[in-house]
Amino acid sequence: MPYGYNGRILKVDLTSRSWQVEEPGESFYREYLGGSGIGLHYILKGLPAGADPLGPENILTFAVSVVTGAPFSGNARICANAKSPLTGAIGDSQAGGFFPAQMKAAGYDAIILKGRASSPVYLWIKDGAVEIRDASHLWGKTTGETEDLIKEELGDGKIEITEIGPAGEKLARLACITNMACRAHGRNGLGAVMGSKNLKAIAVRGTKPPRIADPMALKRLAQWGARNVSLNPSARGLQADGTAGILDNQHFSGGLPTFNWSSGAFESYESITGETMSATILKDRDTCFGCATRCKRVVEIKSGEFEVDPRYGGPEYETTATLGSYCGVGNLAAVAKANELCNKYGLDTIGTGATIAWAMDCYEKGLITKEDTNGLELHFGDAVAMVQLVEQIALRRGFGEILAEGSARAARILGRGTEKLVVAVKGAELPAHMPEVKRSLALIYAVNPFGADHQSHDHDPSYAPDAGEMERRRLAYLGLQEPQPSRLLNEEKVRYAWITQKMYSIADTLCLCQFDWGPSWQLYGPEDFVPLVKAVTGWEVTLDDLLLAAERRINMMRTFNAREGFGRWDDILPLKVLQPKIGGASDGIAVTAEEVEAAKDVYYRLAGWDPATGNPTTQKLAELGLGWIKSADA
Amino acid sequence: MPRDGMEIEIRLHGGLRQFRPRGVPGSGQFCLEVDEGSTLSDVIGRLRIPVSWIRVAYVNQSPIPKELILHSGDRIDLFPPAGGGSTEP
């Protein structure tokens with residue numbers, strides 16, 4: 001019986017409503033560690049190129065890691081992977097909460113789903129026993145209703161559930177997968193994949209947490225983290241005001257996307273900050289399994305124009321920006337309401353807010369009219385229209401029918417120059433961190449396999465000349481000792497982006513929360529990863545072993561994309577990022593296509609990929625032990 | 001009121017709010033009497049905030065070096081490190 005993990009992977013065929021258990025040996029787990037490492041392995045093995053993301057051939061995976069279920073701060077994540085219906089590339093998204101630990105205790109390290117059930121079902125796993133149950137009475141229910149009904153039906157309030165809402169059922173490409181009705185696998189439209197399989201939910205209950213190789217060492221590590229939350233400025237800030245605590249700093253530095261990426265500053269920023277939330281609508285600070293950071297928000301509004309149910313949590317930074325400043329909406333109640341609707345119906349707040357902002361920009365410029373919007377006037381700053389559109393997108397009503405496709409596809413449907421206003425890479429809308437002021441984002445947004453993503457590497461301020469001593473020491477540990485200005489994208493900055501991308505990729509294979517585990521400002525730093533893995537699994541590993549597993553994950557994703565026809569020609573930024581911003585500290589600032597191309601050349605070289613295609617070579621895959629995958633250049 | 005004093009506005013953000021003077025509300029927003037000619041460094045020292053806790057300082061919403069002299073009515077925003085903005089003007 002291994003330490004840390006189960007050694008069992010559940011493979012479910014929803015078409016035949018059958019399943020089997022695979023028991024890969026230790027070498028598999030050492031090679032892939034978990035999360036999207038395991039997910040990509042099964043997807044590359046079983047999913048043919050060109051498959052319809054919303055068809056039965058698509059494979060949807062949920063995977064935890066060799067350390068999931070051990071109690072310490074930042075150890076509560078789970079990865080979902082599939083071919084994305086939004087981008088057509090690989091989809092990758094993590095969620096937190098208590099579901100990951102419960103799934104591990106229920107006996108499986110990963111669940112691999114293929115096929116399509118003939119009618120709505122949900123999967124029920126209890127201490128290794130598997131059942132596929134009828135979910136026709138749950139179809140159409142919100143995420144919260146689904147949780148309540150399943151717990152009642154199964155007679156156990158301690159069950160953890162991951163589910164889709166009506167948006168996923170209706171195959172909205174902006175649909176997410178939630179757990180607890182308020183923790184989300186947000187990006188890449190994975191909720192639509194689950195909906196296309198007629199899979200409403202997965203319920204898990206386990207009484208066998210993983211064995212720990214060195215319980216005393218783990219306890220010391222966990223206690224150190226709990227003590228240091230109040231001593232680590234970032235962790236302390238996250239606890240105080242949540243992720244939205246960074247919003248005012250983003251505004252001051254010219255990096256708060258506003259009016260569909262026209263500006264990096266929002267005059268009404270103060271109305272939507274984490275501090276304002278703490279002072280007004282915050283009801284509670286919540287957390288995930290084993291975590292002392294408590295960064296989650298719970299908000300409540302009992303009366304007024306926008307009533308908000310605390311059951312659906314509270315807005316993160318991305319949400320206050322995408323449904324706030326992107327749309328010009330300086331109204332926290334409206335943003336909180338929109339967040340509640342997104343969680344209730346199962347929509348990605350980033351994609352939804354960015355798509356609404358794009359639609360507003362098109363309307364303001366006269367490219368679309370009331371005829372397109374089903375009579376809705378769409379001006380920046382209109383909080384009521386913004387909230388109405390969220391519901392329309394979730395339920396595919398009115399103008400929401402087109403917007404539910406995401407801004408890139410909606411632009412292709414509408415034409416008329418609306419394409420020029422889309423702010424996305426590979427169809428994934430840009431999150432609220434601006435490459436104009438944190439220049440390494442220009443590279444990572446472009447090259448990241450699952451589209452623009454802000455949680456794939458460390459941002460520039462950590463490697464700026466005036467960064468703090470802790471950041472400097474930790475990055476030096478990784479061989480990064482030449483700080484660079486945040487607005488510069490030179491060779492050293494590309495090196496920083498690549499190395500920290502691998503560190504974040506370790507987090508996504510070990511399913512660790514990137515607010516607590518990372519290369520610089522996080523609670524735990526790079527020197528803590530190896531002791532952690534050793535304490536839980538008993539393995540003697542080095543950081544290089546973990547970095548190799550991380551590189552495997554990135555290469556598998558890149559190879560998946562190559563098989564679908566993606567290459568360096570898709571690693572490009574939207575027009576808005578290349579245009580000068582208006583107002584604030586980034587007034588007149590733009591990224592240039594030339595600097596991105598130059599950075600890509602350096603990046604592909606560091607990654608060992610073909611510079612012409614940007615894709616992994618046969619040689620690189622062989623080096624990583626991935627010779628079983630056919631590379632694009634073979 | 002100190003002789004030749006001036007009043008400035010301080011806003012402490014995120015985890016820095018724990019360093020607010022006694023009696024100041026939880027929002028971390030307050031006015032402070034300082035000597036004429038005080039610099040940002042003087043103010044940080046007076047509030048006894050560890051230097052490692054301050055990632056970026058803005059005066060009147062613009063980033064400035066810590067040695068710059070402040071003026072009456074200036075608003076100072078202090079931020080701790082977090083996955084947030086950059087410091088360059």
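Hydrogens, waters and symmetry mates are skipped; everything else that's a heavy atom, side chains included, is used. Order of the sequence lines fixes the chain letters, A, B, ..., with proteins taken first and strands second; residue numbering starts at 1 for each chain.
At a 4.5 Å heavy-atom cutoff, L78(B) makes no contact with chain A through either its backbone or its side chain. Using a 4.5 Å cut-off between heavy atoms, A235(A) does not touch chain B at all. With a 4.5 angstrom heavy-atom cutoff, Y269(A) touches chain B only via side-chain atoms. Only the backbone of L231(A) has a heavy atom closer than 4.5 Å to any heavy atom of chain B. At a 4.5 Å heavy-atom cutoff, the contact between H251(A) and chain B is made by side-chain atoms alone.
At a threshold of 4.5 Å between non-hydrogen side-chain atoms, the residues F79(B) and I246(A) do not count as touching. Contact annotation: the side chain of P233(A) never approaches that of R55(B) to less than 4.5 Å [non-hydrogen atoms, C-beta and beyond]. Contact annotation: the side chain of P80(B) never approaches that of R236(A) to less than 4.5 Å [non-hydrogen atoms, C-beta and beyond].
A salt bridge links R17(B) to D241(A): at least one charged side-chain nitrogen sits closer than 4.0 Å to a carboxylate oxygen.
The shortest heavy-atom contact between E471(A) and P81(B) is OE2-CB, 3.6 Å. Here the closest heavy-atom approach between residue W53(B) and residue S230(A) is recorded as CH2-O, 3.4 Å.
Around CD of E267(A), the count of heavy atoms belonging to other residues, nucleotides or ligands within 6.0 Å does not exceed 12.
Among the residues in residues 37-49 of chain B, none has a non-hydrogen atom closer than 4.5 angstrom to a non-hydrogen atom of chain A. Taking 4.5 Å as the heavy-atom cut-off, the residues of residues 69-77 of chain B that approach chain A are R75(B), D77(B), ordered by number.
With 3.5 Å as the limit, one finds a donor-acceptor pair spanning the side chains of D248(A) and H13(B).
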